[in-house]
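So the structure is just underneath, and the comments pick up after that.
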Amino acid sequence: MSDSSGASAAAGAAATAAVAGGPRTAGAAAPAGLVEMATALAEGSVSARQLTEQALRRIAAAQPELNAFRTVRADAALAEADAADRRLAAGERLPLLGVPLAVKDDMDLTGEPTAFGCAGPFAPKTADSEAVRRLRAAGAVIVGKTQTPELGQWPFTEGEAFGATRNPWNPAYSPGGSSGGSAAAVAAGLVPAALGSDGAGSVRIPAAWTHLVGVKPQRGRISTWPEPESFHGLTVNGVLARTVADAALLLDAASGPHPEDLHHPARISAVEAARRTPRRLRIALSFGMPFTATPKSLDPQVRSAVERLAGRLEALGHEVVPEDPRYGPIGLTFVPRATSGVRDWAARVPDPALLDPRTHEAVRTGRILGGVALRVSRRAEAALGRRVGEIFGRFDVVLTPTTATPPLRIGALAGLGAMATDRAMIAACPYAWTWNVLGWPGVNIPAGFTGDGLPMGAQLLGPADSEPLLLALAAQVEAAQDWAALRPDAVRAGV
């Protein structure tokens with residue numbers, strides 16, 4: 001990590017030691033959410049410096065245990081906060097002016113390296129990525145960059161370069177991945193919201209395992225520039241927050257294309273959508289998994305949680321019917337795109353010898369599949385979209401588990417070979433990646449807790465450009481369940 005200030009490592013351990021006790025109702029001392037912070041700043045009841053100092057104290061206290069951040073830019077963030085206070089005092093108003101936020105370490109931030117979970121001497125970037133530029137244009141203070149596994153490949157956030165990032169609900173468990181650092185930071189109340197990226201569920205999986213709202217938007221909604229598209233169209237940038245309103249505010253602020261992006265979806269207003277009550281919807285409840293030729297099964301606790309959520313949706317007036325999308329051979333088109341993306345990123349690493357052996361195996365596969373197989377997989381997307389999208393001629397939304405299992409223990413996949421890791425990863429997370437192939441939006445919402453107090457999630461999935469409907473439905477469920485009131489004890493640390 002770079003410069004930071006705050007409590008000692010002992011304080012950090014104390015801050016998170018009580019997390020294993022499970023959900024607790026937030027009290028008055030809990031940090032504010034994104035909307036509340038932005039409102040308080042605009043009203044002048046708090047300063048950007050105060051909020052940024054509080055965020056930096058919480059980060060420093062939690063870092064020894066949670067390890068959510070790869071880089072903390074304390075001095076730079078305080079300078080940005082002071083500048084925001086001057087702008088606020090002069091009467092300027094922007095959606096996020098003065099709010100402290102974090103971004104995942106696959107996004108370029110001027111003056112900081114983009115290591116993307118890798119070891120080695122990465123040079124500082126000389127320009128912001130488009131998503132970061134838009135956050136800055138909305139007035140946000142960027143306090144740091146969050147941890148991610150090597151090149152975002154796995155649903156856990158661990159690696160030789162930085163150690164293990166832990167789940168605020170129970171530090172013996174992973175917050176998921178690959179946006180695990182962003183999820184841990186938001187769930188623990190270190191920042192009110194954060195950007196992540198999602199190439200096979202990498203926003204939705206950690207959101208499910210840390211009791212957050214995680215939005216994977218339509219491909220191109222949030223720019224991936226300087227990549228015209230990321231991982232050959234699989235990966236999009238997304239948001240993690242505690243509430244739908246917070247997620248919508250951050251989504252609107254970060255959205256918009258770079259002129260050279262390959263995808264330019266029509267603009268939406270996520271904030272307005274989150275305020276609307278949806279009409280009566282027809283919802284497909286799906287537990288079916290796409291074919292992968294690998295063993296997998298649904299944990300009974302996860303199934304029960306999603307069934308309870310389906311019952312809640314029925315109580316809200318919606319029709320819920322068991323039905324699975326027709327996934328067909330979609331899995332055959334994922335691997336060439338994913339491994340070719342790993343190959344592309346690995347070519348930029350300053351010292352390839354430091355990469356995980358599993359990454360080297362993915363690079364070799366990407367070299368083999370990066371020609372004809374990659375081109376065929378891209379051409380197949382339109383036909384697969386028609387096949388899977390047939391369900392939206394009969395239903396408005398598809399409801400599935402976000403993962404097949406509750407959170408994994410820290411180290412559960414450590415030391416495995418490439419094939420064993422892939423099999424374990426697919427077994428735990430078979431539900432999210434199909435929507436990355438199609439480029440369509442999906443929203444994780446909290447679905448409850450296991451008997452041991454570990455969070456679980458469910459996905460609301462829609463066709464192209466359906467974020468407004470998904471957010472409206474998610475907000476309706478949130479109003480009925482008030483999931484944001486439940487937070488890990490670590491949220492009180494450093495306040």
Side-chain angles (χ1 to χ4, degrees), residues 198 200-201 203-205 207-208 213-219 244 273 276-292 296-331 334 381-404 429-448 456-478 480-481:
D198 190 314
V203 162
R204 291 162 289 157
I205 292 164
V213 176
V215 181
K216 173 211 173 297
Q218 176 70 24
R219 184 187 297 151
V244 177
R276 290 197 294 265
T277 300
R279 59 180 169 80
R280 186 175 189 267
L281 301 174
R282 186 169 163 84
I283 300 171
L285 172 62
S286 173
F287 294 110
M289 303 175 189
F291 176 75
T292 58
K296 48 193 180 292
S297 61
L298 179 59
D299 186 283
Q301 291 188 94
V302 176
R303 185 183 186 102
S304 294
V306 177
E307 288 173 339
R308 287 192 297 271
L309 181 58
R312 171 67 71 178
L313 288 165
E314 288 182 321
L316 290 169
H318 304 293
E319 181 183 10
V320 181
V321 179
E323 184 74 23
D324 293 328
R326 296 168 56 240
Y327 291 116
I330 195 168
F334 178 83
E381 185 180 311
L384 287 167
R386 290 190 294 272
R387 180 187 177 95
V388 178
E390 175 274 338
I391 197 168
F392 294 112
R394 296 174 290 121
F395 294 90
D396 300 296
V397 173
V398 175
L399 170 67
T400 82
T402 301
T403 65
C429 304
Y431 288 105
W433 59 267
T434 54
W435 249 240
N436 294 89
V437 172
L438 302 170
W440 296 345
V443 177
N444 175 80
I445 58 174
M456 298 175 287
Q459 290 186 108
L460 303 174
L461 301 173
D465 301 306
S466 61
E467 295 102 320
L469 177 61
L470 301 179
L471 290 168
L473 182 58
Q476 185 184 38
V477 178
E478 179 183 21
Q481 304 209 155

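Source: prediction; values computed, not measured.
- With K216 contributing its side chain and W440 its backbone, the two residues share a donor-acceptor pair below 3.5 Å.
- F291 meets the side chain to side chain contact (heavy atoms under 4.5 Å, CB included) test with A293; sequence neighbours excluded.
- Side-chain contact between V443 and L473 is absent, with no heavy-atom pair separated by less than 4.5 Å.
- Remark: the backbone N or O of I283 is not paired with any side-chain donor or acceptor of D396 at under 3.5 angstrom.
- Within the 4.5 Å cutoff, the side chain of T292 has no heavy atoms near those of the P430 side chain.
- Although no hydrogens or angles enter the test, the distance criterion places no donor-acceptor pair under 3.5 Å between the side chain of H318 and the main chain of L313.
- Using a 4.0 Å cut-off between charged nitrogen and carboxylate oxygen, E390 and R386 do not count as a salt-bridge pair.
- A salt bridge links E381 with R219: the closest approach of a Lys/Arg side-chain nitrogen to an acidic carboxylate oxygen falls below 4.0 angstrom.
- When atom types are taken as modelled, the side chain of R204 and the backbone of G442 share no donor-acceptor pair closer than 3.5 angstrom.
- The line from CH2 of W433 to CG of L438 is 9.5 Å long, rounded to the nearest 0.5 Å.
- Note that R303 lies in the cation-pi zone of F287, set by a 6.0 Å cut-off to the ring centre and a 45° limit from the axis.
- Annotation: side-chain hydrogen bond (donor to acceptor under 3.5 Å, both in side chains) contacts of Q218 (sequence neighbours excluded): none.
- With sequence neighbours excluded, no residue forms a side-chain hydrogen bond (donor to acceptor under 3.5 Å, both in side chains) with E478.
- Checked by atom type, the side-chain pair Q459/T402 shows no donor-acceptor distance below 3.5 Å.
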